[in-house]
Amino acid sequence: MDSAHVENDLVNVLFTEAQIQERLGELAARIEDDYAGKDLLIVGILRGAVMVMADMARSFSRHLEMDWMAVSSYGSGTKSSGVVRILKDLDTDISGRHVIIVDEIIDTGLTLSWLTSNLTSRNPASVEICTLLRKPEALQMPVDVKYVGWDIPNEFVVGYGLDYKEQYRNLRDIGTLAPHVYS
């Protein structure tokens, strides 16, 4: 879906599809350099990270393994509840593996802090985080993020996997959702 189809629902477009693709390619290149010669597992956080993970993975010029987790701290609202639940766990044993958690956005940091701790308890060789977006002003918990696409203001954004009530995920761009849509 193009942003023109929902232009009345957006305050502005923060990043176009072309900008997102370029940035994901840059992140993939950095990860590829950092993990040269190492067995790498990237773990996408469902559902939001599907677009990020798929497009970033296609940017790699090496083999890598992918797995998925589904965790929830939002429900259907616009703010994190702070209570994290695993809805789908990994199918892969990560013991001794280099793991990169791939997410579309870090908001409060509560979910990623909890998830990093959970995965670290499974004895991987390393655990790092890659996110397309981060809201530094919204952080409530410090989270060490090695790979960040962009820092953005503390606004409600949709598109490219980010949703509001399961809508807007298939928007090719990322934009700020207009308050009239969610208030």
Legend entry - Verdict with reasoning, Asp9 to Tyr164, per side-chain hydrogen bond (donor to acceptor under 3.5 Å, both in side chains): CA-CA 11 Å; Asp9 293 352; Tyr164 173 64; over 6 Å; no

Legend entry - Working for side chain to side chain contact (heavy atoms under 4.5 Å, CB included), residues Met66 and Met53: CA-CA 9 Å; Met66 296 186 283; Met53 180 105 150; 3.7 Å; yes

Inset, instruction - Begin from the C-alpha positions of Asp103 and Thr131 and carry the test side-chain hydrogen bond (donor to acceptor under 3.5 Å, both in side chains) through to its verdict. - result: CA-CA 5 Å; Asp103 208 354; Thr131 187; 5.7 Å; no

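A donor-acceptor contact closer than 3.5 angstrom links the side chains of Tyr147 and Asp34. A donor-acceptor contact under 3.5 angstrom links the side chains of Thr176 and Asn12, judged on distance only. Donor-acceptor pairing under 3.5 Å is recorded for the side chains of Thr92 and Asp67.
Contact of the Leu115 side chain with the Met69 side chain is registered, since non-hydrogen atoms from C-beta on lie closer than 4.5 Å. Taking the side chain as every heavy atom from C-beta outward, Leu14 and Leu133 never approach each other to under 4.5 Å. Inter-residue side-chain proximity for Leu171 and Leu10 is flagged as met; some heavy-atom pair is nearer than 4.5 Å. Annotation: side chain of Ile129 is in contact with side chain of Val143 (closest heavy-atom distance under 4.5 Å). In this structure, Glu65 and Ile42 have side chains that are not in contact, with every pair of non-hydrogen atoms separated by 4.5 Å or more. The shortest side-chain heavy-atom distance between Val50 and Trp68 falls under the 4.5 Å cut-off. Contact of the Ile174 side chain with the Leu132 side chain is registered, since non-hydrogen atoms from C-beta on lie closer than 4.5 Å. Residues Ile86 and Asn118 have side chains in contact (heavy-atom distance under 4.5 Å, counting atoms from C-beta outward).
A donor-acceptor pair under 3.5 Å is formed between the side chain of Arg62 and the backbone N or O of Tyr35. Side-chain N or O atoms of Glu32 include one that pairs as donor or acceptor with a backbone N or O of Ser61 at under 3.5 Å. Judged by distance alone, with hydrogens and angles left aside, the side-chain atoms of Ser117 form no donor-acceptor pair with the main-chain N or O of Ser113 at under 3.5 Å. A donor-acceptor contact shorter than 3.5 Å is absent between the side chain of Lys146 and the backbone of Cys130. Under the 3.5 Å distance criterion, the side-chain polar atoms of Asp163 are left unmatched by any main-chain donor or acceptor of Tyr168. A donor-acceptor pair under 3.5 Å links the side-chain atoms of Arg23 to the main chain of Gly149, judged by distance alone. Judged by distance alone, the side chain of Thr16 and the main-chain N or O of Gln19 form a donor-acceptor pair under 3.5 Å. A distance-only check finds no donor-acceptor pair linking the side chain of Lys135 to the backbone of Ile106 [under 3.5 Å].
Counting non-hydrogen atoms of other residues, nucleotides and ligands closer than 6.0 Å to CZ of Arg47 gives a total of 12 or fewer. Within 6.0 Å of NE2 in His180 there are more than 12 heavy atoms belonging to other residues, nucleotides or ligands.
Under a 4.0 Å N-O distance rule, the pair Asp33/Arg30 does not qualify as a salt bridge. A salt bridge links Arg122 to Asp89: at least one charged side-chain nitrogen sits closer than 4.0 Å to a carboxylate oxygen.
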